[in-house]
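Written below as structure tokens is the structure these notes are about.
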Amino acid sequence: MWLGLGITITFIIIALFAPVLQQVGLLQDPTDLLSNVPLETPNFSHWFGTNVRGYDVFSRTLWGSQAALKVVVLATLLSMIIGVPLGLISGYLGGKVDRILLFLMDTIYTIPGLLLSITLAFVLGRGILNVAIAVSIAYIPQYYRIVRNHTTSVKTELFIEAAKAMGATTTRVLSRYLFLNVIQSVPVLFTLNAADAILVLGGLGFLGLGLPEEVPEWGHDLKEALADLSTGIWWTTLFPGLAMTLMVVGLSFIGEGVSEMFNPRFRNKNKS
């Protein structure tokens, strides 16, 4: 988990300070292609070389972390904000509301996540918010199911019955008594979905359905670098792919660590 935190915090720092580094002249404009020679090998002027269009690969790799983090944070937050309340309402109320929501979420869940994201991205168009919405839809059923199942088991506890007997409204029961008791697994799912969202974003960018072309994004850069591999030009593919891999690994490690923290079996094992 500490290794994952270190990797993720490094990418966050890079994303935050990339504009500052560009302003002081330590980082080239990632959209500047007229000042560089295309397909230049890594050197002191261009640490990661240049790609087929003349973009500085080092600059675009660092700036790509900013676009990735924006989409990932927006996508996971949107799916959590929608999925958690729906799971609470469905599990607590039951009846027709539960059956309708369960049918809807099962329908979404049966569609492969990447296929659903591709379809929505094609309909919504390019842009950070549009891509975040397209990515988030596939994760909503996961939050819904976890929260709904926990709510169904917790709502019969004595403290819930006591709260209702004292006149607590449905909104108060959901927000004060149920919410904190059913979200233990949400942080784990959040980090694992964030790692998966990086790959989905890369897939959308590779297919040309992600962010606008002027925005540095790893998937789009890998698409443009695909033809270079057959000619022995390795740097245009290596560095964006390595950055994407490292961010996915970092977020996955955090998810595994958080899972062990919330799992009583692992806690007891660590204490012993």
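- Under a hydrophobic-cluster definition in which Ile, Leu, Val, Met, Phe, Trp and Tyr are linked whenever side-chain heavy atoms come within less than 4.5 Å, directly or via other members, L199 and L116 are assigned to different clusters.
- The environment of OH in Y177 is crowded: more than 12 heavy-atom neighbours from other residues, nucleotides or ligands sit within 6.0 Å.
- For the pair M244/L201, no side-chain contact is recorded, criterion being any heavy-atom separation below 4.5 Å from C-beta on.
- Looking at F179 and L174, their side chains never come closer than 4.5 Å, going by heavy atoms from C-beta outward.
- Using a 4.5 Å cut-off on side-chain heavy atoms (C-beta onward), Q142 and Y109 make contact.
- Judged by distance alone, the side chain of S59 and the main-chain N or O of L27 form no donor-acceptor pair under 3.5 Å.
- Residues I7 and L16 share a single hydrophobic cluster, defined by chaining ILVMFWY side chains whose heavy atoms lie under 4.5 Å apart.
- Between D221 and Y55, the side chains place no donor N or O within less than 3.5 Å of an acceptor N or O (distance only, hydrogens not considered).
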Please list every donor-acceptor pair under 3.5 Å in which a side-chain atom of residues 80-101 meets a protein atom from a residue at least two apart or in another chain.
residue	atom	partner	partner atom	Å
S90	OG	D98	OD1	2.3
S90	OG	Y144	OH	2.7
D98	OD1	R148	NE	2.8
D98	OD2	R148	NH2	2.9

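- When every heavy atom of W234 is checked against every heavy atom of P42, the shortest pair comes out as CH2-CG, 4.1 Å.
- Here the closest non-hydrogen pair linking A15 and P19 is O-CD, 3.8 Å.
- Taking the side chain as every heavy atom from C-beta outward, H220 and R60 approach each other to under 4.5 Å.
- Once rounded to the nearest 0.5 Å, the distance linking OG1 of T50 with CG of N43 reads 8.0 Å.
- The backbone N or O of G208 lies less than 3.5 Å from a partner atom in the side chain of R126, making a donor-acceptor pair.
- Under a hydrophobic clustering in which Ile, Leu, Val, Met, Phe, Trp and Tyr are joined whenever their side-chain heavy atoms come within less than 4.5 Å, directly or via other members, W235 and W63 fall into the same cluster.
- Linking Ile, Leu, Val, Met, Phe, Trp and Tyr residues whenever their side-chain heavy atoms come within less than 4.5 Å places V248 and I9 in a single cluster.
- Residues satisfying the ring-ring contact (aromatic ring centres under 6.0 Å, His included) test with F206, not counting sequence neighbours, are none.
- Between I111 and T107, the closest heavy-atom pair is CG1-O, 3.6 Å.
- Considering every non-hydrogen atom in both I108 and I137, the closest pair reads CG2-O, 3.9 Å.
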side-chain contact (heavy atoms from CB on, under 4.5 Å) between R53 and E213: does it pass, once the steps are laid out?
CA-CA 12 Å; R53 292 196 182 188; E213 291 186 0; 4.0 Å; yes
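- Residues L246 and F11 form a side-chain contact, since some pair of their non-hydrogen atoms from C-beta on lies under 4.5 Å apart.
- The line from CG of L211 to CG of N130 is 10.0 Å long, rounded to the nearest 0.5 Å.
- Here the shortest heavy-atom pairing between G241 and L222 reads N-CD2, 3.8 Å.
- A continuous path of Ile, Leu, Val, Met, Phe, Trp and Tyr side chains, each step under 4.5 Å between heavy atoms, connects I13 with L3, placing both in one hydrophobic cluster.
- Around the NZ atom of K70, the shell of radius 6.0 Å holds no more than 12 heavy atoms that belong to other residues, nucleotides or ligands.
- A pairwise comparison of heavy atoms in G250 and T8 identifies C-OG1, 3.6 Å as the closest pair.
- We find the CG-CD1 distance between N193 and I198 to be 12.0 Å, quoted to the nearest 0.5 Å.
- Using a 4.5 Å heavy-atom threshold, the side chains of V52 and L39 count as touching.
- For the pair T231 (side chain) and D228 (backbone), a donor-acceptor distance under 3.5 Å is present.
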side-chain contact (heavy atoms from CB on, under 4.5 Å) for T191 and L251? Distances and angles first, verdict last.
CA-CA 6 Å; T191 52; L251 290 170; 5.6 Å; no
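- Side-chain contact of N36 with Q28: a donor-acceptor pair under 3.5 Å is present, judged by distance alone.
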How far apart are the C-alpha atoms of H150 and L178, what are their side-chain angles, what is the distance that settles it, and do they pass the side-chain contact (heavy atoms from CB on, under 4.5 Å) test?
CA-CA 9 Å; H150 286 180; L178 275 175; over 6 Å; no
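- Put simply, CG on L242 and CH2 on W218 are 10.0 Å apart, with the number rounded to the nearest 0.5 Å.
- For the atom pair CD1 of I133 and CG of L120, the computed distance is 9.0 Å after rounding to the nearest 0.5 Å.
- A 4.5 Å side-chain heavy-atom check between F159 and N181 finds at least one atom pair inside the cut-off.
- More than 12 heavy-atom neighbours from other residues, nucleotides or ligands sit within 6.0 angstrom of CZ on F190.
- Contact annotation: the side chain of P240 approaches that of V57 to within less than 4.5 Å [non-hydrogen atoms, C-beta and beyond].
- A distance-only check finds a donor-acceptor pair linking the side chain of S117 to the backbone of A134 [under 3.5 Å].
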Under the criterion side-chain contact (heavy atoms from CB on, under 4.5 Å), I'd like the reasoning laid out for V258 against I254: C-alpha separation, chi angles, the key distance, then a yes or no.
CA-CA 6 Å; V258 173; I254 294 176; 4.1 Å; yes
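- The environment of L158 atom CG is sparse: at most 12 non-hydrogen atoms of other residues, nucleotides or ligands sit within 6.0 angstrom.
- Going from atom CD of Q66 over to atom CD1 of I14 covers 11.5 Å, rounded to the nearest 0.5 Å.
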